[in-house]
Amino acid sequence: MAKRRITQETFDSAVIENIEEFDLEESEALKEAVEQFESQGVDLSNIVKAVPKASSEETPDDQTHEVLQALQSLKRALESSSTSVLESLNLFTEQCSLGFAQRYLAAQNDAYPSLLSCCQSAGEDNKVLSATLAALSALTDGQPDLLDAEGQRFLINTLRRHQDDPAMTCLGIRTVRHCCLKHEQNRQGLVKAGVLNILTSAITRHVERPEVVKEACAALRVMTFDDDVRVPFGQAHEHSRMIVQEHNGLKVIVEAAKAHPENVPVLSELCATLSRLAVRNEFCQDIVDLGGLKFIMTLLADSMDCQDLVKQVLSAVRAIAGNDDVKDAVVNVGGTELIVMAINRHLSNAQVCDQGCAALSMIALRKPSNCKDIMESGGALAALQAMKTHPKEVNVQKQSCMLLRNLVSRSQDFTQPILEMGAEALIGQALASHRDCSDVAKAALRDLGCQVELRELWTGKKGSLSN
């Protein structure tokens, strides 16, 4: 059931009442108000949990929150064409960066149209324009619905006009990313306006600038998401295709990775983006042909101790191993040994175990010779150790079961060794603990020759599906 919500004014009134009527200190009054509303099942995520302050000594009764004071200051500066616009913008951005509640409150008080007005009045003043972009980026973080057609035009035009300015490019791209996360309409509108070319060109133009490469990669990845629950069918696959086929995205990303061989945050972003683009068989092969597989396997070997990077590399291997020829290529470069090593090295990290077992599962699928290589590398034992270490992590359990099943489905010689490692008990535990593991766990038990109850829901004869 959805939680109740209240307005900022209602919350503030409760705080002021606690101070004036019950003579509580400000901190106590605030704590009491929070506890009161939370006990009533009210969602306070959009509420600024602070005591309103007087905006100036001249007007002590005019109490409001600092983010609104900053917004009012900005509006006054715009109306009077004051030189304090830059200072007001910086103060507003600082307040919006404190949390979602501040951004939400600002948006409810017409912050977005004020910033658009500031964009238009900035003209050729790059300092004001840059500060406005920073404010717009902060405001739209978590509030993509604010962006309208005018805002889209401004972003595209600004990014094109200042494409040689890395700082401005970064701010513009960050705003694009914020406005596209969980918002399919904005994604489609900006793609039609040419944002994919802007993003890939930014990586190429500023390939030596890690901050630009990171921002552009993150924005490209958001364009491939299907995360807007309000839209039944998005354009995630089509956007991935466009990035690869129309904007040479794979080559752009692989070349950028080669330009930053030791920059872990950049490499993590690049690997994560490659994973999102490997949506077709031919794209997976293209990554190999461009030297991408060799690069990421070398990266895995050289960065084995870096947990976050290992996770992203394994995710990329998992994605491109959807191509049967790539599965063999991974094995041929010693990839299975490295993946098993990564799982064992970071056994305590559920995400590494999840991605590592998933990558091995893809490599094993329909490939008996690869299964032999995985077994000899200790892949089955690593998967079972991951299951033991993370009994409550459904993804680890599911991917491990899938790997074990793929290892024996066409290679029955591995059944007994895997059973002797204790697979039956661990798979049975996963089956009992996680409903989402039901199908894959039963399939693994069946292919291992274990006793398993397989219910026949429908025989095709009279009657209907049973519960």
Side-chain angles (χ1 to χ4, degrees), residues 93 119 122 124-138 140-141 151-181 186-187 190-191 193-225 239-240 242-277 286-287 290-292 295-296 299 303 308-309 312-313 316:
T93 303
C119 295
E124 299 300 317
D125 189 335
N126 284 352
K127 285 186 177 180
V128 172
L129 183 59
S130 180
T132 306
L133 267 178
L136 194 59
S137 173
T140 53
D141 186 4
Q152 288 187 17
R153 285 192 296 271
F154 163 72
L155 283 175
I156 293 295
N157 291 337
T158 301
L159 283 166
R160 283 176 174 156
R161 209 166 60 243
H162 298 276
Q163 59 185 353
D164 293 322
D165 184 335
M168 196 83 78
T169 297
C170 255
L171 288 169
I173 290 176
R174 188 176 302 137
T175 309
V176 166
R177 174 166 59 85
H178 288 166
C179 292
C180 290
L181 195 61
N186 285 348
R187 278 195 287 262
L190 286 165
V191 166
V195 78
L196 297 183
N197 180 62
I198 289 172
L199 295 175
T200 50
S201 297
I203 296 174
T204 302
R205 181 174 283 106
H206 301 289
V207 72
E208 299 298 331
R209 297 271 191 167
E211 68 279 7
V212 178
V213 174
K214 273 185 63 180
E215 284 292 349
C217 275
L220 279 174
R221 195 163 65 256
V222 169
M223 295 300 168
T224 69
F225 287 179
H239 291 169
S240 296
M242 292 172 69
I243 292 168
V244 174
Q245 293 187 331
E246 297 177 18
H247 303 285
N248 211 14
L250 294 177
K251 184 177 181 181
V252 167
I253 290 168
V254 170
E255 291 302 315
K258 292 176 182 177
H260 297 277
E262 298 180 358
N263 192 317
V264 171
V266 171
L267 291 169
S268 292
E269 289 287 352
L270 290 163
C271 286
T273 307
L274 271 184
S275 301
R276 298 295 308 183
L277 298 180
D286 287 344
I287 292 171
L290 288 165
F295 180 84
I296 61 177
L299 185 60
S303 308
D308 289 339
L309 184 54
Q312 296 299 350
V313 169

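The structure displayed is predicted, hence computed values, not measured ones.
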Requested in this report: Apply side chain to side chain contact (heavy atoms under 4.5 Å, CB included) to the pair Leu299 and Cys271, showing each step before the final yes or no.
Outcome: CA-CA 10 Å; Leu299 185 60; Cys271 286; 4.1 Å; yes
Report task. Please name the pair of heavy atoms, one in Ser130 and one in Met168, separated by the smallest distance, quoted to 0.1 Å. Result -> CA-SD, 3.8 Å
Requested in this report: Measure the shortest side-chain to side-chain distance between Leu159 and Val176 over non-hydrogen atoms and say whether it is less than 4.5 angstrom.
Outcome: yes
**Report entry** Euclidean distance, Leu196 CG relative to Met242 CE, rounded to 0.5 Å
**Finding:** 5.0 Å
Query raised in the report: Atom CG in Leu270, atom CZ in Phe295: separation rounded to 0.5 Å?
Result: 8.0 Å
Query raised in the report: Can you list the steps and then say if Thr204 with Asn248 is a side chain to side chain contact (heavy atoms under 4.5 Å, CB included)?
Result: CA-CA 11 Å; Thr204 302; Asn248 211 14; over 6 Å; no
Query raised in the report: What is the minimum heavy-atom distance between Arg160 and Ala193, and which atoms define it?
Result: NH2-O, 2.9 Å
Report task. Determine, for Glu211 against Lys214, whether the closest basic-nitrogen to carboxylate-oxygen distance falls under 4.0 angstrom. Result -> no
Query raised in the report: Any idea which heavy atoms bring Ala131 and Thr93 closest together, and the distance?
Result: O-OG1, 4.2 Å
Requested in this report: Working to the nearest 0.5 Å, report the span between CG of Asp164 and OG1 of Thr169.
Outcome: 7.5 Å
Report task. Working to the nearest 0.5 Å, report the span between OG1 of Thr175 and CD of Glu215. Result -> 9.0 Å
Report task. For Ile156 and Ile198, run side chain to side chain contact (heavy atoms under 4.5 Å, CB included): C-alpha distance rounded to whole Å, both residues' side-chain angles, the deciding distance at 0.1 Å, then the answer. Result -> CA-CA 8 Å; Ile156 293 295; Ile198 289 172; 3.9 Å; yes
Query raised in the report: Under the 3.5 angstrom rule, does the side chain of Thr224 hit a backbone N or O of Arg276 as a donor-acceptor pair?
Result: no
Requested in this report: With side chain to side chain contact (heavy atoms under 4.5 Å, CB included) as the test, would you mind laying out the steps for Ile296 and Ile287 before giving the verdict?
Outcome: CA-CA 10 Å; Ile296 61 177; Ile287 292 171; 5.7 Å; no
Query - Exercise: identify the closest heavy-atom pair between Ala219 and Ile173 - result: CB-CG2, 3.7 Å
Query - Any donor-acceptor pair under 3.5 Å from Ser137 side chain to Leu133 backbone - result: no
Requested in this report: Give a yes or no on this: more than 12 heavy atoms of other residues, nucleotides or ligands lie within 6.0 Å of atom CZ of Arg221.
Outcome: yes
Report summary line: Between Val222 and Leu181, the two heavy atoms sitting closest are CG1-N, 3.7 Å
**Report entry** From Cys180 atom SG to Gln152 atom CD, the distance as rounded to the nearest 0.5 Å
**Finding:** 8.0 Å
Query raised in the report: Is any side-chain heavy atom of Ile203 less than 4.5 Å from a side-chain heavy atom of Leu220?
Result: yes
**Report entry** Interatomic distance, Leu155 atom CG to Leu190 atom CG [nearest 0.5 angstrom]
**Finding:** 6.5 Å
Report task. Give a yes or no on whether Lys258 atom NZ has more than 12 heavy-atom contacts from other residues, nucleotides or ligands under 6.0 Å away. Result -> yes
Query raised in the report: When you measure from the side chain of His239 to the backbone N and O of Met223, does any donor-acceptor pair fall under 3.5 Å?
Result: yes
**Report entry** Heavy-atom pair of closest approach, residues Val128 and Ala122
**Finding:** CG1-CB, 3.8 Å
